[in-house]
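Protein chains get the first letters and strands the later ones, always in sequence-line order, with residue 1 at the start of each.
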There are 2 protein chains.
Amino acid sequence: MPDRLDGRRIPEATVARLPLYYRALNETAERDIETVSSEQLADLAGVNAAKVRKDLSYLGSYGTRGVGYAVEFLLAVISRELGLTQDWPVVIVGIGNLGQALANYGGFGARGFQVSALVDADPAKHGEKVGGLAVDPIESLADLVAMRGIRIGVIATPAAAAQDVTDQLVDAGISSILNFAPAIVSVPEGVSLRKVDLATELQILSYYQAERKSRRRVGKFTPDVQLQATTAKTS
Amino acid sequence: MPDRLDGRRIPEATVARLPLYYRALNETAERDIETVSSEQLADLAGVNAAKVRKDLSYLGSYGTRGVGYAVEFLLAVISRELGLTQDWPVVIVGIGNLGQALANYGGFGARGFQVSALVDADPAKHGEKVGGLAVDPIESLADLVAMRGIRIGVIATPAAAAQDVTDQLVDAGISSILNFAPAIVSVPEGVSLRKVDLATELQILSYYQAERKSRRRVGKFTPDVQLQATTAKTS
DNA sequence: CCGCGCTAGTGCACTTGTTCACAAAGTATT
DNA sequence: AATACTTTGTGAACAAGTGCACTAGCGCGG
Ligand SMILES: NC(=O)c1ccc[n+]([C@@H]2O[C@H](COP(=O)([O-])OP(=O)(O)OC[C@H]3O[C@@H](n4cnc5c(N)ncnc54)[C@H](O)[C@@H]3O)[C@@H](O)[C@H]2O)c1
Ligand SMILES: NC(=O)c1ccc[n+]([C@@H]2O[C@H](COP(=O)([O-])OP(=O)(O)OC[C@H]3O[C@@H](n4cnc5c(N)ncnc54)[C@H](O)[C@@H]3O)[C@@H](O)[C@H]2O)c1
């Protein structure tokens, strides 16, 4: 393994694509393919080749001209860069519809993440087993986080509770949060926050759907490619 | 209602934020507040005021200087722009863990979207009721889509089936797809595609988590704000 | 009717991200 | 060893997005 080339700032857009390359490379490795060109990788990841090369160049110069990239090696480089060489324990807050689906979800743990605690405010849920793990009261959040070394929290509570839950997670020592509730929450400096918002996604689709239907007549072309851009903070 | 000001191209980044304003305005309207300033709206939506003003200016000049924006009016403008004045029927493909959570999800229908069909390839699931709707075989997809006027499809199948399901959705006449499966799928021109990818989100969090932990020492600052950017196509 | 205070709308500079196109650097072939 | 071919790595042009800072316009109080 090469040393991580520090002092290099990896652009956010690149960081967001590394997981795609990572997945594509894993699939390639499973097919016992040893090298990939930027073009092949681009196809698998759904981007263009120039972008792949530029992105990978931020990690260092690990390709071989005339040949391509060594799959296993590149996987190791990206794993390291993404921090996937260790396992990240995760706590899920709010074990309702969505929380249960997440807790039962196998692919969650598949790549370096492990559901290590489930908490809910509803006493009726306490002790219930979901995906082999018992649901604990929200009051024990801090203890669970501390004892199990959890750094990442997933919020699957109703929107109204999201900010409160966020504060509790932060107080408990969590520094990365993935929020599924349709609410804007704020976090103190040093905490990363990302969100997944179903309604927003559907509404964006609706916009382009409506555009195709009713705005066609104005003779304006529709864009070939859209970039989804929701905000996340490390404040 | 003002006429939609056609011939105006709304930037993608703005389209992606309109749903946030829409939600914030709804919450404001529920509190019987009649006007909001760009600053207030910015707070509620988690962006900055200049951005709000610029975004809204793409829709037309609907604010009043010295006062702000009329909440109900702006809601109407944004609804119209996002195509939310009509109800969009939606089909969910793959009624497993996630598909069931989605089907049971109330907030789905809350804002103009309605789960109108559930299909799955597994015969054992056929006829089963989820969220008050029966699961139908994937073979009847085309009929269901045609009969119920469905334009939007949600993919909640395993990744391996995602491309196949996408093709079937497109053949059935769907032109907007939201994909939850961790797979890159391609769609023909004229079809919008967006994706929600849990693993990617977690890995991005992991990157910044690891960065805080181990890269601090190189004396590079961490960014205050990150922009999540996953790709979607209307090809 | 005037002037003050407030806030929308926007030009402009800046930052970030994307893409092209080509030199550099490797492999394969003869 | 020389040449042909392939593919990386990157400078530079371009495109998109952001945010400041200022102007224009409205409401209100006197
Ligand atoms: N269900 C879905 O498919 C889906 C999809 C996208 C987004 N969402 C969002 O995810 C969130 C959860 O959705 P759901 O369908 O699972 O809702 P749900 O009502 O089924 O579950 C919410 C759970 O959170 C718990 N809870 C409430 N307040 C809490 C608190 N303060 N602390 C801890 N736990 C608390 C409740 O006891 C309940 O178990 C909602 O914000 C929803 O909008 C859901
Ligand atoms: N469960 C989660 O919380 C979660 C979270 C994020 C992403 N995902 C992704 O969502 C997808 C579904 O996850 P899940 O946990 O619900 O899986 P699951 O195995 O519980 O459900 C998958 C369903 O799809 C059906 N299916 C399989 N092939 C099909 C086909 N060709 N046509 C129609 N239906 C088909 C299966 O019969 C099954 O009912 C997966 O790709 C997963 O990676 C799941």
Side-chain angles (χ1 to χ4, degrees), chain A residues 2 5 8-18 20-21 33-43 45-71 73-74 77 221 223-234, chain B residues 2 5 8-18 20-21 25 33-71 73-74 77 204 221 223-233:
Chain A
L5 293 164
R8 214 87 75 75
R9 181 121 233 103
I10 299 182
E12 282 171 37
T14 296
V15 172
R17 280 188 297 265
L18 290 180
L20 300 185
Y21 303 147
I33 296 170
E34 291 184 354
T35 62
V36 276
S37 66
S38 57
E39 194 123 14
Q40 294 170 313
L41 189 48
D43 276 357
V47 300
N48 78 22
K51 214 180 273 182
V52 169
R53 290 199 297 276
K54 184 144 279 185
D55 284 343
L56 295 181
S57 79
Y58 291 115
L59 310 185
S61 204
Y62 298 135
T64 308
R65 295 171 189 221
V67 178
Y69 301 88
V71 175
F73 185 85
L74 196 51
V77 172
F221 60 169
D224 251 16
V225 169
Q226 303 142 25
L227 263 173
Q228 162 183 359
T230 55
T231 45
K233 284 191 252 187
T234 304
Chain B
L5 292 164
R8 215 84 77 75
R9 181 118 234 102
I10 300 182
E12 283 172 35
T14 296
V15 172
R17 280 187 297 265
L18 290 179
L20 300 185
Y21 303 147
L25 287 166
I33 297 170
E34 291 183 355
T35 62
V36 275
S37 67
S38 57
E39 194 123 15
Q40 293 170 313
L41 190 48
D43 276 357
L44 293 169
V47 300
N48 79 21
K51 214 181 275 183
V52 169
R53 291 199 296 274
K54 186 150 281 185
D55 285 343
L56 295 181
S57 79
Y58 291 116
L59 311 185
S61 206
Y62 299 135
T64 307
R65 293 171 190 222
V67 178
Y69 301 89
V71 174
F73 186 83
L74 196 51
V77 172
I204 295 171
F221 60 166
D224 251 16
V225 168
Q226 303 139 24
L227 262 172
Q228 162 184 357
T230 54
T231 45
K233 284 190 253 184

Using only side-chain N and O atoms of A/Ser38, determine if any of them is under 4.0 Å from OP1 or OP2 of D/dT7.
no
Is there a side-chain polar atom (N or O) of A/Arg9 under 4.0 Å from OP1 or OP2 of C/dT15?
no
Under 4.0 angstrom between B/Tyr62 side-chain N/O and C/dT7 OP1 or OP2:
no
Look at the side chain of A/Ser61 and decide which nucleotide, out of C/dT18, C/dG9, D/dG9, has an atom nearest to it.
D/dG9
Could you check if a side-chain atom of B/Tyr21 sits within less than 4.5 angstrom of a side-chain atom of B/Leu74, using non-hydrogen atoms only?
no
Atom OH of A/Tyr58 to atom P of D/dT8: distance rounded to whole Å?
17 Å
Does OP1 or OP2 of D/dT6 have a side-chain N or O of A/Tyr69 closer than 4.0 Å?
no
Among B/Lys51, B/Arg53, B/Lys54, whose side chain to side chain donor-acceptor pair (under 3.5 Å) with B/Ser38 holds?
B/Arg53
Side chains of B/Thr14 and B/Leu59, heavy atoms from C-beta outward: is any pair under 4.5 Å?
no
Ignoring hydrogens and geometry, is there a side-chain-to-backbone donor-acceptor pair from B/Ser37 to B/Gln40 under 3.5 Å?
yes
Closest nucleotide among D/dG19, D/dG17, D/dT10 to the A/Ser57 side chain:
D/dT10
Approximate separation, where rounding is to 0.5 Å, of B/Leu41 CG and B/Thr35 OG1:
11.5 Å
Send over the distance from B/Glu12 CD to C/dG17 C1', rounded to a whole Å.
12 Å
Report, one pair per line, the protein and nucleotides 27-30 of chain D atoms (nitrogen or oxygen only) whose separation is under 3.5 Å.
none

Report, one pair per line, the protein and nucleotides 20-22 of chain D atoms (nitrogen or oxygen only) whose separation is under 3.5 Å.
from: D/dA21; atom 1: N6; to: B/Arg53; atom 2: NH2; distance (Å): 3.4

Take atom CG of B/Leu18 and atom C1' of D/dG17, then tell me their distance rounded to the nearest Å.
15 Å
Between C1' of D/dT7 and CG of A/Leu41, the distance in whole Å
13 Å
From CG of B/Asp55 over to C1' of D/dT18, roughly how many Å is that when rounded to an integer?
10 Å
Any side-chain heavy-atom pair from A/Tyr69 and A/Leu56 closer than 4.5 angstrom?
yes
Please round to the nearest 0.5 Å and tell me the distance separating atom CG of A/Leu18 and atom CD1 of B/Ile204.
9.0 Å
Rounded distance (Å) that lies between atom P of D/dA16 and atom CD1 of B/Ile10
15 Å
Below 6.0 angstrom between ring centroids: does that apply to B/Tyr62 and B/Phe73?
yes
Within residues 55-69 of chain B or reaching into it, pairs that qualify as salt bridge (Lys or Arg N to Asp or Glu O under 4.0 Å) - sequence neighbours excluded
B/Arg17-B/Asp55
What is the distance, rounded to the nearest whole Å, between atom CD of B/Gln40 and atom C1' of C/dC6?
12 Å
Between B/Leu56 (CG) and C/dA8 (C1'), how many Å, whole number?
10 Å
